[in-house]
Each structure stands twice: as C-alpha cells, then as structure tokens.
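What follows is a set of notes on a single structure, which appears directly below.
So you know, we letter chains A, B, ... as the sequences are listed, proteins then strands, and number each from 1.
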Amino acid sequence: MSVERYNPKEAEPKWRQVWDERQLFRTDNADPRPKYYVLEMFPYPSGRIHMGHVRNYTMGDVVARYKRAKGFNVLHPMGWDAFGMPAENAAMANNVHPREWTYANIATMRDQLKSMGLSLDWSREIATCDPAYYRHQQRMFIDFLKAGLVSRKTARVNWDPVDHTVLANEQVIDGRGWRSGALVEQRELTQWFFTITRFAQDLESALDGLTRWPDKVRIMQKNWIGRSEGLLVRFALEGGDIPEVQVYTTRPDTLFGASFVAIAADHPIARKAAEGNPDLAAFIEDCKRTGTAQEIIDKAEKRGFDTGLKAVHPFDPNWKLPVYVANFVLMDYGTGAIFGCPAHDQRDLDFARAYGLPVKAVVRPEGADDDFAVSDTAYDGDGRLFNSAFLDGFGIPEAKEEVAKRLESHERDGFPVAERKVNYRLRDWGVSRQRYWGCPIPIIHCESCGVVPVPETDLPVTLPEDVSFDVPGNPLDRHPSWKHVACPNCGKPAVRETDTMDTFVDSSWYYARFTDPFLETEPTDRAVIDRWLPVDQYIGGVEHAILHLLYSRFFMRAMRATGHSGLDEPFAGLFTQGMVVHETYRGADGRWLQPSEIRISTEGGARRAIELANGADVEIGSIEKMSKSKKNTVDPDDIIGTFGADTARFFMLSDSPPERDVIWTEDGVQSSHRFVQRVWRLVNEVATITGIVKDDEAATELDAASLALRKAAHRALATAGDDIERLRFNRAVAQLYELTNALQAAAVGARQAAETGGIEDISADMRFALYEAATILVQLAAPMMPHLAEECWSVLGYTNLVAETPWPVADDALLVEDEITLPVQVNGKRRGDVTVARDADTTTVEAAVLALEAVQRAVEGRPIKKIIVVPQRIVNVVA
RNA sequence: GCGGACGUGGCGAAAUCGGUAGACGCAGCAGACUUAAAAUCUGCCUCCCGUAUGGGAGUACGGGUUCGAGUCCCGUCGUCCGCACCA
C-alpha cells in the first residue's frame, strides 16, 4: 500500500480558506473566557517579508494556536509600522508617492503573511499611516500636552545641510550624513519632546516587576535610564563677575582630592567668560565643531582652556581651584560642570596629567599605607579616606554621607551650599522630524496666541497628497497652502507645525489600538483595553530592547495619566528571538553569490562549492545575518512555493533555541520537508490499520506493546505542551520526532505481526493505541504545521477541524513507570544499572545493587564505606 | 573602559533542583528494496586501546567543594552582545 505524497500546494490554500470561512481566528471582545494576548512586533512594509519575519511570526503563531486549544480567548493581531524614511527615499528614487509605495508593499506582504497560515485576526489590521489610526495619536499628543507630558524646547541636533533634515545619531557615519555624505552640523532647533524623564524613576523601579522579561533587556533598560545618586555643590567663584558655579558629583567623598573645576563648552559661564577673551571663544567654537560621531569622541584628547576664574573649595576658603572649559564635560548631564578629582577618576587624571594639575589620592584600599599614590590609573575601588581632614578613616559611603550632611546644613547667601540630587542619564524624547511621511504634529503657531493645539473636532490633521520630492527639505514646509490656516483661537492667519512625529511614536501604542481598532471616537475603550492588556506574550528582535520598549512603557503611563488606559506596563511577557543567519559565498573575483547561484557537494568529507554559471570554485565564507549586500538571503516565497508553509515554519522552530540565531541550510529545509511527508505517510498508514477508533474502545488492561506506545504518546504530550508553554520550541520539535519514531516502530511492528493473518489480526489494544498516538501526534503538530495537521486530522476521520479542537490532556497514570532503571556508580563512575520497583525502599535497592556483578568487580573486595541512594535518580557505592 | 551572556561530538543542539553527558536533528558510513536511480526502511556514528566482552579519557583551560560537577566556587583564555568622556 502506498499513499500519494502530501501536496502542500493543494492542501495549504484549501485549509486556509476553511479557516477563513469559519472565521476561526476572529476575536470577540465579549468572549467571557480568560484572555490571552499574543503579539509579534509588527513589520515595516519594506516590500517583501524576510526569513526573520517568518521566524518571528511562526513563534507567535505556535503560541496563539496552542493557547486557543487550551481554551483561551486569544487575541493575535497584525498591522503595519507604515510611516518612515524608506517611503520618502523610494519617492525620491522612483518618483512614486510614499502612500502608493507603502500600500503596494503592504498588499504584497499581507499576501505573503497569509500564505504562512498564521492564525491572525485580520479584521483588526491597522496601518499607522492611515488617518483612522493617527488621528488618535494626534488626539493623545494634545492630551499629553495638556497633561504636561509634552514640551517644546531647543535642542542640539545633527543637521544634514544637504538633505535639510535632522539625523539620528546612528544616521551619522564618520561625521557625515548617511545618505548625502555631507558634513553634519550641530544646530540648535526648537523641537517637540515627550517628557519621558518625568517617569524615569518609575520606569526603572517597575523593571523589577517585569519578571517575564529577559534579564538582559531589563539590565539594558536600567543602564539606559542610568540612575545615579549624588550631590549638587555650589562653588563660589573669584576673578570675574560670576558669583558661583554649581557642579554635580557622585563622589562628594573625594572633595579633598579636588584639583580643578571644569565646565562644558556651551555652559553659560563659559560663554560669559569668553566675552572678553577671544582665545577662549575660539576654543569653545573648536569644541563645538568636534562631531558627535562615536569614533571622534573615542579618540579625542582631553583638552581644556583656563578661564582664569578661581573656584573656592567648599571646606577651605583659602583653597582655590582653577576653572577650565573642558571638551569632555557634557552640558546636558548634571549641571554641565564638575569638580575634577584626578586620583579617583580616569578622565580627570588624563586631564590633570595633560595640564600639570596636582593629583592627590584621598581614598586608599584597605591595608595601603600613607604613601598610597596614583600614577596613570585612577583608583576607583573601595577603601578608606585619608588626606581628607575630618573624613580621615571614613569608608566611602560614610564619607559621602558626612560631606552631604555638612554642606547641606551650611548656607551661603541664604541657601545651602549643597543639595542631594538623583540624576538620570535618560533624556527627554525628541519626536520632531522634518519629514513628510509621518504623523503630523497637531499644532498651530499663531503670532498672537502662540502655540495652539488643533481643536479635537478638526482632527485628524491629514497629510497633503500633492507633494514633490525633487528638492531636498520637508515637503510640508514648502507646500503652497497646507500650512496656512486660521488660528483656532483668534482667527488670524497662522501656520501649522510642519514637523511630523518620530515613527517610534506610532509603534508605542499600536498594541493598545489592536484591542479595539473599530472604535472611531476614541483611541481606546477603557473597558476593553484594561481587560486585554498587558500583552501576555510579546515577541520580537532584541534590537528593540531599549528604544521601542522603553517608549511603549512611557506611552502606557502617559495614556494612563490622560485616561486612555488603566495600566502602566504594556508587555507582561517579552521574548527576544535570534536572527536567521546563512553562509556566505564568494566567487574567485570576490563577487558575493546567492545560495541559488551555487551548488555544494561533499568530497572526501570536505564541503566544496562551485558556481553554477561557470563551474568555478566558490569560497564558502562565514555565517552571517541574512542581508542583501552579502546576497546570503533566502526568499520566503521561494521556500513556501517549493516546500509549503508548514516546512518553512517547522524548520524555523527546529534545532536552534529560539533566542539564539538559527542557521538556514538547504539540508535543514529538506529535513523538515522529509518530516512533513513522513508524518503524512505514517498517519495514513495508521488510519488504514485502525479505521476510526472511538474513545470508549479503550481496553482497561493493555498488552505490553500497546501500553508502551500509549506511554510514549502521553509522555510526548506532557513534555511538548510544557515546552511550548516555555517557548522551547526546539525541544517540542524533538518530542514530535520521538513520538513519530515510536509510532512508526509500533505501526511497522503491528503490520509485520499481522502479515500472516491480515490486518484484522492486529489486536484491538494496538489499534486503540495506534489511533490515539496518531491523534496526539497530529494535535501536537497542529500549532507548528497547521495545514498538514488539518489534512491528517481528516484522514483520521475527524469531522471537525484540529484548529478548533481542545488540547488533549495527558493521562497522569501513563506518565509514571512501575519499574525504574537506576544508574549504578562505584566511586562516582558508572558501572551498570539496576531495575527496581518504583517504590522500592532503600534496603531493597542496596541489596540489588550489591548483587550486581559489575559492582562486585569494580569494588574489588574493598570494604563498602557507604551506599548513597538518591530515590528515582541514581545509586553510588563508595568503597 | 563599564555591564551582560556564552564556551558540550564533524555540525545545530539536549541534559538548568548537583545524579546515566551527547535526547532529537543534520552530515557521514554500512545494509535492505530497485535493472538502476530517487524516495523509503534498518543499523552504526564523542575520542583512544581492543575482533569482542570490556577498559581509559572526555563538556575551553587550571584549581577547589562534593559520595558524585557540563551544572556550584576561584582564577585564566576565547567568542558574542549592549553602553560608553553620564562626573
């Protein structure tokens, strides 16, 4: 008997249509069952999906299908992060409107995603570039503004003078714009900011409660927020008309090691001091020109310029410190001024050595003597204070406390000399972008009324269609009519804000909108959002560990503050999946070659590649992230077209743990496809042998072989369920293989036994066990290979869909063995094993162990010191 | 520089309460079926000695704790990731 090969090209569209017709994945907000919200990071519509998407969405879909089978009301939506630069770049390059380009890409990618058989509720699809979406974003912007969560201030930005646009730090490469190649300038621009710093403390503290987030991500966020506890100290100034400078320090204990004060180049005192000092002014200009590019900062020498001002030491009016303008002091952290303690800070030490300033150690490690000094490495370790007057002998924390206490209670001009201050590295989130393809900032600038929010009834502020991209700059700004409006307040002519929002804003609340995307009047329905959120399982790339996730956490809090949500945290569970990587190939002339352009053979154990076009040798290079530039990409369409979606999905789950990179290989895909075909053959074989077996045909006393198969099936069921629950898909896959191996062996055995008398000779026991095991196999496979599972399900005679069938329950009685085999060690080396009853007592086990010939041999007649019996685990004989 | 993760067969990996190292898969080898090939099925597959029963070594390296260590502790080396003049 033989069965035709499984044909995914026929079967897959068929089942997708059935799911569609029955609206199986449509989610009802009124469904009373416990909710489960699983979400994968939505894609940017770049044109086509890539293997990274396939991996990401497959993982989410396994969870969604599994939870659905477990009886949850599952929300599993999809949308498009549809605003952004690439659409404008395409517009410039191909003279196509960003909207057309974007929606064409969405259409293509939607079809591609649908061909994967994802169990998504497509009725909730949203695109962030749709006014139906961004009108709510504009509404919230205004609400945030009224709640004091939005501010407008000047900030220094990277300005590309050719493209007329602001660049993010990562878009500045070697001091030049990534697109134009022009030298980037630092410009002061008035920008809109979300005051994320308002929540800095809460964003940090709440990380501890995100127990289902990877530690790695929590640590990264914590470092990004960068909380530090320190002291603001006022130093009186002499030698000019500026009375004092305030510095921020986290090491007030080292105050007696101070040897200078340094201020940032754009510090107001520096500007003031430069007024009568052209050399200083020139130095300051020079500092500002130094790029923000990482490399430049890394290599920059510590440089400074003595202002001539003297700072008075807070504990000694006779001790005067020189005040420098220094290139390594940042204006936007702390107060933009520091006191330098060279002995205990490497930067200060480098600076002191360059300018011949004193280096006085005031903290020494435990046990060091009075000569303790620092040469070219600052000492920032633990220790005790010395050379420090009243602090001598103090530990660092006590010294900090003592300094704070003294300076706090000491007043000058009616104010305390110092004040405790918690500082954060986190900055407010600048959201202004001088671009067209983004959400318009709903603000009108009026000469009389100032900044006026667009009235709610006038929302959305939509983008004009008639724009051109043939000249650099923001099309909104140069549009002939769009920005000119009457002031909503006084009716006089006014202009719209022409900046649009950072696209990170769009993606900071899409997960919230998914809970009720049909609601037109409000961004969210409180009754609905508060029930669906937080997202139970969020899955995406680790590259969003900081910005996207932090912005989303901010947004939830801001939405709560403005009544749009009742929660603080958007994502209860987070999983960051690894990348899809692939070998690289290069021809003799160094050209990158696509996997499809070469053939690999194995000769004498060594792999060798040749170029198909000319038979020339090809160098097999390192394994790297799939990228167009290295041509090591594989198109999901090709794979799905050749092998079907189930094969692609299954391969994405196999082998590598999901958080790690997975190497795409042709052999691996073949292997997955073989498994698809094997399951198909096996299920058909079993169906032929057993026919439909009803549950109540279960025998109470099974023969040994049938019982063993049942046990294997239920063990696989219990383990694989647990694996999926914990997102350990590679282990769940292994369970599937094991069950398939066991079922196949049993089926082959049964058929051989029956060969003499015919299929009807197979015992009822075995028929039952085979049918049950096949049923479980199909159900376990269903979340991973949903189309194949439906096809197999109907072969087994079920008339419903496996996608709407509850997850099977493992029979606990089948998970325990009556007899267990314990490994036996002698002095820690394994010498054999012993099989005993599961509940055998220690004495029985010991006797059985000592009777073993292998144990006797290994003991070699030595006296037995003790026997360690670890129940259910191991026995160790110590001799 | 700071912070974090990780080093297991030819390869991807299992073994996460300290208890049989290498489940499962890939590649490879041998065999069955076939005129032949593909597909499929069966067996072998960490290394060394041995025909074999068996023995020895083995989880980056060096120490330690323990009856017992891939797992815990100390040190070294290596790889990867994040942050980076944040006072």
Would you classify A:Q670 as touching base, sugar-phosphate or nothing, given that sugar-phosphate means primed atoms plus P, OP1 and OP2, and contacts are heavy atoms under 4.0 Å? nothing
Taking the chi torsion of B:G62, is it syn (within 90° of 0) or anti (everything else)? anti
Salt bridge (Lys or Arg N to Asp or Glu O under 4.0 Å): which pairs involve residues 244-253 of chain A, sequence neighbours left out? A:R234-A:E244, A:E244-A:R412, A:R251-A:D253
Test: salt bridge (Lys or Arg N to Asp or Glu O under 4.0 Å). Region: residues 211-232 of chain A. Which pairs qualify, not counting sequence neighbours? A:D215-A:R218, A:R227-A:E229
If we call it a pair only when both distances are under 3.5 Å in a Watson-Crick or G-U wobble match, what pairs with B:G78? B:C6
Give the B/S/- string for nucleotides 65-73 of chain B, one per nucleotide from 5' to 3', where a protein heavy atom under 4.0 Å of the base yields B, of only the sugar-phosphate yields S, and otherwise -. --BS-----
By side chain to side chain contact (heavy atoms under 4.5 Å, CB included), A:E666 pairs with (sequence neighbours left out) A:F643, A:Q670
Base contacts versus sugar-phosphate-only contacts with protein, heavy atoms under 4.0 Å: please encode nucleotides 4-17 of chain B as B, S and - from 5' to 3'. --------BSSS-B
Partners meeting ring pair (Phe, Tyr, Trp, His ring centres under 6.0 Å) with A:F283 (sequence neighbours left out): A:F305
Looking for any heavy atom pair under 4.0 Å, which part of the strands does A:K829 touch: base, sugar-phosphate only, or nothing? sugar-phosphate
Base-pairing assignment for B:U46 (Watson-Crick or G-U wobble, both under 3.5 Å): B:A57
Below 4.5 Å, heavy atoms only, C-beta onward: do A:Q577 and A:V542 meet side chain to side chain? no
What contact category does A:V542 fall into here, base, sugar-phosphate, or nothing, at under 4.0 angstrom with non-hydrogen atoms? nothing
